Visitor: 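A single structure is presented below for examination.
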Amino acid sequence: MQREQRRSSRGLGRALAFSGALALAFTGSGAAFASSANSVAAAEWALNTLNVTQVRNLGAHGAGVVVAVIDSGVDPNQPDLKGRLVDGVNLVNPSDPTSDYSDASTDSHGTSVATVIAGYPHTASDGSSYGMIGLADKADIMPVRVSDLSAIGSYGATVAGVEYAVNHGAQVINISLGESSDISTPQMTSAINMALSHGVVVVVAAGNDANSGNSASPYATIPGVLDVAGIDSNGQKYSFGHYGSDVNIAAPANSIEVGTANGQYSTNSGTSFSAPWVAGEAALLIAAHPTWSSGQIVATIIDNTQQVASGTTKSGQRYNDDFGYGVIDPVTALQASEPSSAANPLGGPAITSNPAENVKNSASASATSGTTPTATAGKSSSKMPLIIGIVVAVVVVVGLLIFLLSRGNRNRGGKGGPGGGGGGGGNGYYPPQAPPPGGAGQYGQPAPGQYGQPQAPQYQPQQPNPYPPQQQPQQPQQGYPPQQGPGGPVLQQRFVLILCGDLCGPSLVGWS
């Protein structure tokens, strides 16, 4: 987002006086991280503010939840993200997508966002644990690169990125970038609504222009998204952060320790880095409650804030325009009861699935370190007993037919006449089967126009047809039993091949 400050400008932490401001009294296990030998984690003040030690005591890690980071890409060599990245895409040019999702931005923007969500300390050369601790440290990151040198994405790339994320199994989408132009268009609204209706939790950064117009993020105008403002380490409003009636929630934004490209670390500020804390909390809740709807996940986030926990405000009531419903409180949210309504309290389209269902049947959500499952895996071995049985039965039947024919010829006391011609067999194949639906998750591709914007199959890798064409069983001519004729052994072999069809497969290749 605009006006984000890096380590060099950390001294600009000016306090902004605002009407009705309340300095929050943060509690938690501050000593646990501050005294850590891991200097990166020790610099993450947000871990103490959000009481991440207690989050871990509750067994919450967000394991297996897929969070799409629609941003400048993610560096696959950042050690704190090892094993956390699933297949991603580069959509900088939406008409020519590639698999190179590496982070090309000058400030490692997308990589930084990803480490806040799912960073996990790596083992340093001296054997110690070193690096970022993300809020959902076992969630999976789906890198969706829509910009190059900065955190400014193009309208077309972002639309394509949202569609790609939904079609490839994302359960949470984090958008921490600005746009090169106004994106309040039917196409963008359609793409976001597509995500919301498929049970995806959509988290966006509110922006950093409080002192220069304070305009709302165009994403915030779309009902159903979580629009995230920022706080500093003192619990005050982040000085540059957007405020207004569109703000839904707040999270740490100032002087955030982040992992950058090539295994480096830095400090960055902006609501770009408050949004991923909320995305991380969503991942924790989805992992803990896989049957809950995305509306229940959103309701649990906004109804269980630090202000609610302290009694400053009531559940379901906005606190103010700086924090929306309040500052996130993952510990309280993880211990909350299931909301009675499945609907998204922030509005949006009807929800047709829960977040956990989006990864079912999604081959593209397999970790890059693992093997992508294919539709043909195990096919031959599972059919082998059936193949053997059919072959044995066919051989027995053919042998019996030969025996009966030869016996009949002997009984007639003369040589059999020349064999009759075999019946016409057509082309010998059924039409090839249609390929199975490719990588769009349980719900596949919506019909064109269903969400106002046809889906973009060009961004979804086309799976090869795993089912070879089946051979058509060839019938003999009516009224004539199979005859041996002069070429008896060849006819027998061909008869076996015809009856075996697809099941016999390569084992019969080369038979004449």
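This is a predicted model, so every value here is computed, not measured.
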Visitor: Determine whether a donor-acceptor pair (N or O, by modelled atom type, separation under 3.5 Å) exists between the side chain of N193 and the backbone of L196.
Guide: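 Checked: no pair found.
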
Visitor: Run I117 and I141 through side chain to side chain contact (heavy atoms under 4.5 Å, CB included) and show every step you take.
Guide: CA-CA 8 Å; I117 297 171; I141 297 295; 3.9 Å; yes

Visitor: Hey, could you give me the OH/OG1 distance between Y120 and T115, rounded to the nearest 0.5 Å?
Guide: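 The OH atom of Y120 sits 15.5 Å away from the OG1 atom of T115.
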
Visitor: Got a donor-acceptor contact below 3.5 angstrom from the T260 side chain to the S266 backbone?
Guide: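 Checking the backbone N and O of S266 against the side chain of T260, no donor-acceptor pair under 3.5 Å is found.
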
Visitor: Under the 3.5 angstrom rule, does the side chain of N234 hit a backbone N or O of Q236 as a donor-acceptor pair?
Guide: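 No; judged by distance alone, with no hydrogens or angles, the pair does not exist.
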
Visitor: Verify the distance criterion only: is there a donor paired with an acceptor across the side chains of T111 and Q78 at less than 3.5 Å?
Guide: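 Not at all, the side chains of T111 and Q78 share no donor-acceptor pair under 3.5 Å.
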
Visitor: Apply side chain to side chain contact (heavy atoms under 4.5 Å, CB included) to V201 and V298, showing your working.
Guide: CA-CA 7 Å; V201 178; V298 171; 4.2 Å; yes

Visitor: Calculate, to the nearest 0.5 Å, the distance between atoms OH and CG belonging to Y325 and N320 respectively.
Guide: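 Going from OH on Y325 over to CG on N320, the span is 12.5 Å.
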
Visitor: What's the separation between atom CG in N174 and atom CE in M142, rounded to the nearest 0.5 Å?
Guide: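 Between atom CG of N174 and atom CE of M142 there are 13.5 Å.
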
Visitor: Show your working on side-chain hydrogen bond (donor to acceptor under 3.5 Å, both in side chains) between T271 and N208 and close with a plain yes or no.
Guide: CA-CA 6 Å; T271 59; N208 306 307; 3.2 Å; yes

Visitor: Do the side chain of R84 and the main chain of A139 share a donor and acceptor less than 3.5 angstrom apart?
Guide: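 The answer is yes, because a donor-acceptor pair under 3.5 Å joins these two groups.
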
Visitor: What distance do Y243 atom OH and K237 atom NZ have between them, rounded to the nearest 0.5 Å?
Guide: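 Here the interatomic distance stands at 7.0 Å.
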
Visitor: Determine, stepwise, if the pair D140 / L85 fulfils side chain to side chain contact (heavy atoms under 4.5 Å, CB included).
Guide: CA-CA 6 Å; D140 292 328; L85 301 183; over 6 Å; no

Visitor: Any donor-acceptor pair under 3.5 Å linking the side-chain atoms of T98 with those of D100?
Guide: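 No - no donor-acceptor pair under 3.5 Å links their side chains.
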
Visitor: Determine, step by step, whether Q171 and V200 satisfy the side chain to side chain contact (heavy atoms under 4.5 Å, CB included) criterion, reporting the C-alpha distance in whole Å, the side-chain angles of both residues, the deciding distance to 0.1 Å, and the verdict.
Guide: CA-CA 5 Å; Q171 296 158 276; V200 180; 5.9 Å; no

Visitor: Just how far is it from atom CG of D75 to atom OG of S105, taken to the nearest 0.5 Å?
Guide: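 Those atoms lie 10.0 Å apart.
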
Visitor: What are the two closest non-hydrogen atoms of V66 and V86, and how far apart are they?
Guide: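 Residues V66 and V86, closest heavy atoms: CG1-CG2, 4.3 Å.
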
Visitor: Is Q54 reaching over with its side chain to a backbone N or O of N51, donor-acceptor style, under 3.5 angstrom?
Guide: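 No, the answer is negative, given that no donor and acceptor are paired below the 3.5 Å cut-off.
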
Visitor: With rounding to the nearest 0.5 Å, note down the distance linking CG in L135 to CH2 in W277.
Guide: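 CH2 of W277 is found 6.5 Å from CG of L135.
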
Visitor: Answer yes if the side chains of D103 and S72 hold a donor-acceptor pair under 3.5 Å, and no otherwise.
Guide: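 Looking only at side-chain atoms, S72 and D103 do form a donor-acceptor pair, the distance falling under 3.5 Å.
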
Visitor: According to the interplanar angle, ranging from 0 to 90°, do the rings of H109 and F273 count as parallel (below 30°), tilted (30 to 60°) or perpendicular (above 60°)?
Guide: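 Geometry flag for F273 against H109: tilted rings.
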
Visitor: Determine whether a donor-acceptor pair (N or O, by modelled atom type, separation under 3.5 Å) exists between the side chain of Q306 and the backbone of G326.
Guide: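 It does not hold such a pair.
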
Visitor: With no hydrogens and no angle check, just 3.5 Å: does a side-chain donor-acceptor pair link Y101 and D87?
Guide: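 Result is no, nothing qualifies.
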
Visitor: Say whether D209 and S215, considering side chains only, have a donor N or O and an acceptor N or O under 3.5 Å apart.
Guide: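 D209 vs S215: donor-acceptor pair found between side chains.
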
